[in-house]
**Student:** 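Here it is, the structure in full.
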Amino acid sequence: MAVDKSDWVAGKILANQAAQRGEAPFMQFEDGRMHTYGEAHRLSNQAGNGFAAAGVDFGENVAVMMNNCLEYLWTWIGLGRIGAIPVAINTALRGTFLTHVLTNTGCRIGVFEPDYLDWLVDIEDDVPDLHTVYVFGEGPVPAFKRIEIRSFDEILNGAEHDIDVEISYRDIGTVMFTSGTTGPSKGVLMPHGHLYLYGECMRTHMQITPEDKYYITLPLFHAQGLLMMSYGTLIAGASGVLTKIFRASSWIDDIRKYEATLTNLLGAMNDFVLAQPPKSYEGDNKLRMISAIPVTDETLSQLKTRFNVPKFNELFGMTECNLPVARPFDAPEEAGCSGKVWDDYFEVIIGDPETDEELPVGEVGEILVRPKEPYCFMQGYNGMPEMTVQTWRNLWFHTGDAGRQDERGYIWYIDRIKDTIRRRGENISSYEVESVLLEHPAISEAAAVAVKADQGGEDEVLACLVLEPGAGAPDPMELLDFCVPRMPYFAVPRYIDIVDEIPKTPSAKIQKNKLRELGLSPNSWDRETAGYKLTRKGRLA
């Protein structure tokens with residue numbers, strides 16, 4: 001029997017919620033007032049009508065580079081209501097990383113906060129398609145040579161009437177970028193049906209109800225913040241509190257203040273929360289469940305005991321393939337276990353990485369996924385058909401992640417197979433890091449790989465460098481100063497190794513597996529030991 005997906009569109013979900021329970025609370029930003037479903041419906045209409053009046057067409061990509069705020073949600077839903085496609089840009093991108101996102105998607109129009117305009121000025125000549133930027137928020141606006149700057153108030157002051165554009169779950173609803181290894185980051189084409197299932201997975205496996213309040217700290221340019229948390233809240237008719245950023249120091253105080261019942265922790269966030277000085281009142285909160293990815297036995301025990309949290313959820317997913325594995329609500333809590341295949345919508349096997357053939361129960365292989373329902377999966381990589389085909393070989397989506405399945409049918413995530421580096425919840429393209437390093441005149445060859453740090457088993461970036469013949473070794477701090485304006489802060493290498501050669505295959509491919517196995521050497525330079533401090537904006541003087 002076919003699944004009715006006709007309403008699997010955020011604008012339709014919000015319209016239905018507003019019609020049925022328009023005065024019910026939906027979302028507030030930090031200590032601001034709570035907005036109802038009815039208000040969110042009206043504000044999203046205004047944004048959508050504002051973009052339409054500005055000439056944004058059905059199917060057109062629109063760059064969105066904003067911090068977490070309610071206006072981000074109204075923009076995302078509003079663009080979707082006119083059939084336009086928000087391109088969710090990581091607010092740390094700069095230099096060639098930002099140039100690639102804007103040129104790959106061909107955005108004519110963008111919404112930027114003042115914080116990121118200087119980075120746009122730096123690349124203005126390299127993004128010829130972009131001609132109009134609407135600026136949201138207060139702050140200085142630099143001079144542009146060509147790009148027209150307008151106030152985002154023009155968009156938010158659009159007409160309030162309902163938008164008469166039929167949007168299908170088959171239409172592309174968002175583009176999010178995910179890191180590449182052998183090439184630039186890839187823009188994932190995400191249809192509305194795909195977007196919906198992220199939120200529905202959270203509603204189903206966390207059993208979210210209208211009585212819940214979600215504490216949302218993860219960025220809206222990622223699937224966690226926008227789709228799993230915010231969209232999950234919307235689908236369930238629950239309410240949420242959105243914060244600009246995650247703050248470990250005020251995490252439990254905010255949860256108590258807002259009387260939150262649900263939240264998510266990702267990667268090192270678990271360790272940052274546990275590293276805070278204990279407070280006598282921490283267990284006195286209304287949390288009933290946390291989605292924490294990943295956790296060890298020790299971390300899970302500490303979080304449960306210290307904060308008096310009854311239940312935890314783990315799952316496995318990617319931007320491209322949704323959330324095909326999740327822990328059923330009543331399943332036992334086992335740290336490291338992602339749960340069972342969500343077989344209403346997905347097929348998952350553990351395959352041989354070389355042949356894609358399914359492995360016996362208990363053996364470690366690559367997690368391979370495919371959808372059961374059309375348009376509940378990515379529709380490809382924007383402008384990269386070869387990469388799309390390669391990822392989909394043998395009719396399975398290749399996650400690049402290793403896992404195993406036990407005799408009960410539970411999937412256990414093991415580690416990455418591919419060369420993507422994951423640091424502090426961000427996927428880093430080794431290719432793009434290397435491309436920046438190779439721009440330095442003293443560097444002949446570069447290889448960026450992940451090495452484990454001491455805190456929480458998180459990846460850190462190690463750059464292995466071969467110098468140009470006759471070039472003197474650059475000062476590591478000068479080298480990082482070269483990197484900082486050209487890449488996101490989280491991608492700047494922590495460790496630098498100057499080496500005589502980088503191991504390669506007979507076909508001249510870098511053998512990154514060997515570099516990872518070698519790890520740090522006694523000669524590895526460590527920026528933290530050297531006192532080189534970074535912030536989101538650059539080097540801390």
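Because the structure is a prediction, the values reported are computed rather than measured.
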**Student:** Is the shortest heavy-atom distance from the side chain of Thr217 to the side chain of Met269 under 4.5 Å?
**Tutor:** yes
**Student:** Mind checking what makes salt bridge (charged side-chain N to carboxylate O under 4.0 Å, His left out) contact with Arg203, not counting sequence neighbours?
**Tutor:** Glu200
**Student:** Sequence neighbours left out, what passes side-chain hydrogen bond (donor to acceptor under 3.5 Å, both in side chains) with Asp356? Give chain and number order.
**Tutor:**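 If we apply the side-chain hydrogen bond (donor to acceptor under 3.5 Å, both in side chains) test to Asp356, skipping adjacent residues, the hits are Asn394, His398.
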**Student:** Between Tyr381 and Glu320, do the side chains contain a donor N or O and an acceptor N or O under 3.5 Å apart?
**Tutor:**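 Present: a donor and an acceptor within the cut-off.
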**Student:** Side chains of Val499 and Val466, heavy atoms from C-beta outward: is any pair under 4.5 Å?
**Tutor:** yes
**Student:** In chain order, what residues pass the salt bridge (charged side-chain N to carboxylate O under 4.0 Å, His left out) check against Arg536, with sequence neighbours excluded?
**Tutor:**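 Salt bridge (charged side-chain N to carboxylate O under 4.0 Å, His left out) list for Arg536, sorted by chain: empty.
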**Student:** Stepwise, does the side chain to side chain contact (heavy atoms under 4.5 Å, CB included) test hold for Leu266 with Phe246?
**Tutor:** CA-CA 10 Å; Leu266 178 63; Phe246 164 74; over 6 Å; no
**Student:** Looking at Tyr410 and Pro332, what are the two nearest heavy atoms and their distance?
**Tutor:**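 What the structure gives for the nearest pair is OH-CD, 3.8 Å.
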**Student:** When rounded to the nearest 0.5 angstrom, what distance separates OH in Tyr231 from CG in Leu234?
**Tutor:**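 That separation rounds to 6.5 Å.
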**Student:** Apply the side chain to side chain contact (heavy atoms under 4.5 Å, CB included) test between Phe316 and each candidate in Leu323, Thr399, Val341; give the one that qualifies.
**Tutor:** Thr399
**Student:** Between Glu363 and Ile350, which heavy-atom pair has the shortest distance, and what is it?
**Tutor:**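 Heavy-atom minimum between the residues: O-CG2, 3.7 Å.
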**Student:** Anything under 30° is parallel, anything over 60° is perpendicular, the rest tilted; go ahead and classify Tyr37 against Phe26.
**Tutor:**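 Ring orientation of Tyr37 relative to Phe26: tilted.
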**Student:** Please name all residues satisfying salt bridge (charged side-chain N to carboxylate O under 4.0 Å, His left out) with Lys514, sequence neighbours left out, ordered by chain then number.
**Tutor:**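 With sequence neighbours excluded, Lys514 shows a salt bridge (charged side-chain N to carboxylate O under 4.0 Å, His left out) to no residue whatsoever.
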**Student:** Using 30° and 60° as the class boundaries, would you call the ring planes of Tyr345 and Trp342 parallel, tilted or perpendicular?
**Tutor:**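 Ring orientation, 0 to 90° scale: perpendicular.
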**Student:** Is it true that atom NZ of Lys244 has more than 12 heavy atoms of other residues, nucleotides or ligands lying nearer than 6.0 Å?
**Tutor:**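 For Lys244, atom NZ is not crowded (no more than 12 foreign heavy atoms under 6.0 Å).
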**Student:** Check whether any side-chain heavy atom of Met206 sits under 4.5 Å from a side-chain heavy atom of Met228, and report yes or no.
**Tutor:**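 In short, these two side chains do not touch, never coming nearer than 4.5 Å.
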**Student:** Indicate whether the side chain of Ser521 and that of Asn523 have a donor and an acceptor atom separated by less than 3.5 Å.
**Tutor:**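 No, Asn523 and Ser521 have no side-chain donor paired with an acceptor closer than 3.5 Å.
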**Student:** Quick one: pull up CG in Leu262 and OH in Tyr215 and give me the separation to the nearest 0.5 Å.
**Tutor:** 13.5 Å
**Student:** Check whether any side-chain heavy atom of Gln302 lies under 4.5 Å from a side-chain heavy atom of Asn270, and answer yes or no.
**Tutor:**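 Side-chain contact under 4.5 Å: no.
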**Student:** Where do Tyr489 and Arg94 land on the side chain to side chain contact (heavy atoms under 4.5 Å, CB included) test, with the steps shown first?
**Tutor:** CA-CA 9 Å; Tyr489 73 97; Arg94 59 196 303 180; over 6 Å; no
**Student:** Name all residues meeting the salt bridge (charged side-chain N to carboxylate O under 4.0 Å, His left out) criterion together with Lys12; count only those two or more places apart in sequence or in a different chain, and write none if there are none.
**Tutor:**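 With sequence neighbours excluded, Lys12 shows a salt bridge (charged side-chain N to carboxylate O under 4.0 Å, His left out) to Glu166, given in chain and number order.
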**Student:** How far apart are the C-alpha atoms of Tyr281 and Asp253, what are their side-chain angles, what is the distance that settles it, and do they pass the side-chain hydrogen bond (donor to acceptor under 3.5 Å, both in side chains) test?
**Tutor:** CA-CA 9 Å; Tyr281 50 77; Asp253 293 302; 2.7 Å; yes
**Student:** Do Ser239 and Lys213 have side-chain heavy atoms sitting under 4.5 Å apart?
**Tutor:** yes
**Student:** Counting neighbours of NZ on Lys372 that are heavy atoms of other residues, nucleotides or ligands and sit closer than 6.0 Å, is the number greater than 12?
**Tutor:** yes
**Student:** Near Glu347 CD, under 6.0 Å, is it more than 12 heavy atoms from other residues, nucleotides or ligands?
**Tutor:** yes
**Student:** Out of curiosity, Met229 CE to Gln224 CD, how far, rounded to the nearest 0.5 Å?
**Tutor:** 6.5 Å
**Student:** Show your reasoning for whether side chain to side chain contact (heavy atoms under 4.5 Å, CB included) applies to Arg370 and Trp392.
**Tutor:** CA-CA 9 Å; Arg370 61 188 175 200; Trp392 268 105; 4.1 Å; yes
**Student:** Applying side chain to side chain contact (heavy atoms under 4.5 Å, CB included), run through Phe397 and Met378 and close with a yes or a no.
**Tutor:** CA-CA 10 Å; Phe397 175 80; Met378 79 155 183; 4.0 Å; yes
**Student:** Hey, are the side chains of Arg527 and Trp525 touching, using non-hydrogen atoms and a 4.5 Å cut-off?
**Tutor:** yes
**Student:** Can you check whether Val188 reaches Met318 side chain to side chain, under 4.5 Å on heavy atoms?
**Tutor:** no
**Student:** Ring pair (Phe, Tyr, Trp, His ring centres under 6.0 Å) with Tyr198: which residues, sequence neighbours excluded?
**Tutor:** His194
**Student:** Is Glu334 salt-bridged to Arg408, cutoff N-O under 4.0 Å?
**Tutor:**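 Between Arg408 and Glu334 there is a salt bridge, with a charged N closer than 4.0 Å to a carboxylate O.
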**Student:** If I compare all heavy atoms of Ile208 with all of Ala236, which pair ends up nearest, and what's the gap?
**Tutor:** CG2-CB, 3.5 Å
**Student:** Cationic tip of Lys304 within the cone over Phe312's six-membered ring, i.e. under 6.0 Å and within 45° of the normal?
**Tutor:** no
**Student:** Any side-chain heavy atom of Ile216 sitting closer than 4.5 Å to one from Thr233?
**Tutor:**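 Contact flag for Ile216/Thr233 side chains = yes.
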